[in-house]
Number of protein chains: 2
Amino acid sequence: MERLPKYIQHAQGKLWLTEDERDNLKISYRIKEVLFEEKSPYQHVMVLDSWDFGPMLVLDGVVQTTSKDGHIYNEMISHVPLAMHPRPRKVLIIGGGDCGVAREAAKYDQVEQIDLVEIDEAVVRASKRYLPEVSGNLSDPRVRYHYTDGVEFVGQVQQEYDCIIVDSSDPVGPAEQLFETAFYRNLHRALKEDGIVVCQSQSPIFHSDVMRQSYERISRLFAETRLYTTVVPTYPGGLWSFTLGAKHALPDPDSIRFDKPARYANEEVLRGCFQLPAFLNEMLKQEPVHAGR
Amino acid sequence: MERLPKYIQHAQGKLWLTEDERDNLKISYRIKEVLFEEKSPYQHVMVLDSWDFGPMLVLDGVVQTTSKDGHIYNEMISHVPLAMHPRPRKVLIIGGGDCGVAREAAKYDQVEQIDLVEIDEAVVRASKRYLPEVSGNLSDPRVRYHYTDGVEFVGQVQQEYDCIIVDSSDPVGPAEQLFETAFYRNLHRALKEDGIVVCQSQSPIFHSDVMRQSYERISRLFAETRLYTTVVPTYPGGLWSFTLGAKHALPDPDSIRFDKPARYANEEVLRGCFQLPAFLNEMLKQEPVHAGR
């Protein structure tokens, strides 16, 4: 039998990807076919065609986004800040190599430039080719690809962007820096006076410490901070949080207008995502967790 | 080594429950300990203490509810109809053997009687003893336990209940009948003129056919039908749907008042759960699926 890529097992005539980065929970996806595999300088990159979720992007054996539900995350991280901003012209995306956020940002006619800063060119290449459901096979001339480190990139700009969207992976390994105060301080400086930044801030149920920590770190730097949630079916915990930061007051969610074509987001959902469940309101009122660095 | 209960495997010094009722997705939970095991006349009943989710109710090897997140489902299936009803006095729960729905209904002072119809007494006994986080170890005298078939029970009552809550398991095996028109017709008859019924109607993402079918069947019988959603972290797909039916117009969600102690539900969430994502609004507008029987 042919050599199987790392992370893929063969059992009773079937192929399976088993995520085993968690100690106490393992999820196995049945796979039809390996569409892409490459060991990049940064990670092991695959696109696997799965039975239940269609083609999925898998980095170091962990599912990042799927054709079935990737649009939910991408629409919700993008359209909340973009629809809240009165006139977003220059957009920065940190991470987001699957190109889904760039695709959503490109739906705004007034957006003139979209800088996508992804360290791993292989992720962009694989997503454009094999994940069109997520990436939209983006060829919009307003998108500029920067294959470089997001932390360094942000450290070099001042008052440049109307919206900054931090589409990071989990805070382990290289992405850890994207949850630290030094990075948030650079985001603040990179933002225009009336700009809005959004950071994915993990699951309120399974990573509540990370969520609270990034919320508190952002709160200490920005004049206004607000948390919202959405459902992400293929992320463990289902419920996912995002944190907005702005140098001035953010508009009332009820004033959000939205008329872009989208599969998940609509005006009601973009307004309603700020209605937090009881435990989350409680959590945000609690004493700060250790918010050092 | 001691004989392990069915569905539990031992690997490298660790215990695992692997749900394998799905063809293309397997989820394995690491287990600390088996708290309860019994082969009832209806199914294999276990309560397992898991590392990530605490004690969980497991029927025929499939996780039904967990101490970590069971309250979300139970609060959302209960408080939407109960808070919408002007004066719920008599409540019927079909299924709900984990007692979580009865616990929520018991928070309403005006509720005088709660009939809980669960076919399997072992589920109630195990949940009261080993799942207090879900069941609340309920000893409220207003709760009457009926260990009998829900379909038959409902067939024998007329205009009895203010709220009926159908907390069914998946529509396979015995629970299949709880998704059929004959059962919905009996629900309609069992309800008082100003009564409200709610049925769990599965995942809009992974079981959209079941969801649409039960929505359509309920729509054809009730004067008003409305769908709402919540997140259920341990159900595959994360997003879950519920369908309300009423013989007269339902109140505007914005008029919902809610002042009960709860961990997930609050007034904003109970009002906001009717804001459906774009694809769901589309789905409900489509041509009916085959809605026979």
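Side chains are part of it too, since the values below use all heavy atoms of this structure and drop only hydrogens, waters and symmetry mates. In what follows, chains carry the letters A, B, and so on, assigned in the order in which the sequence lines appear, proteins first and then strands, with residues in each chain numbered from 1.
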Locate the shortest heavy-atom distance separating B:F206 from A:D52; write the atom from each residue and the value.
CE2-O, 4.1 Å
Nearest 0.5 Å please: distance from the NZ atom of B:K26 over to the CZ atom of A:R30.
9.0 Å
If you tally heavy-atom pairs under 4.5 Å between each of B:R263, B:E267, B:R22 and chain A, the highest tally belongs to B:R263
For atom NZ of B:K32, is the number of surrounding heavy atoms from other residues, nucleotides or ligands below 6.0 Å larger than 12?
yes
Interatomic distance, CD1@A:I205 vs CD1@B:I72, rounded to 0.5 Å, equals 4.0 Å
Counting heavy-atom pairs under 4.5 Å to chain A, which of B:V269, B:I31, B:L270 comes out on top?
B:V269
Find the one option among A:T234, A:V232, A:D23, A:D69 whose heavy-atom pairs under 4.5 Å with chain B are most numerous.
A:D23
Taking all non-hydrogen atoms of both residues into account, name the closest pair between B:V231 and A:L239 and its distance.
CG2-N, 3.6 Å
Residues in salt bridge (charged side-chain N to carboxylate O under 4.0 Å, His left out) contact with A:E75, at least two apart in sequence or another chain
none
When rounded to the nearest 0.5 Å, the distance separating CG of A:N24 from NZ of B:K14 is 7.5 Å
Closest approach of A:F53 to B:L25 (non-hydrogen atoms, all atoms of both residues):
CE1-CD1, 4.0 Å
For chain A, which residues of residues 271-282 of chain B have at least one non-hydrogen atom nearer than 4.5 Å to it?
B:G272, B:Q275, B:L276, B:P277, B:A278, B:F279, B:N281
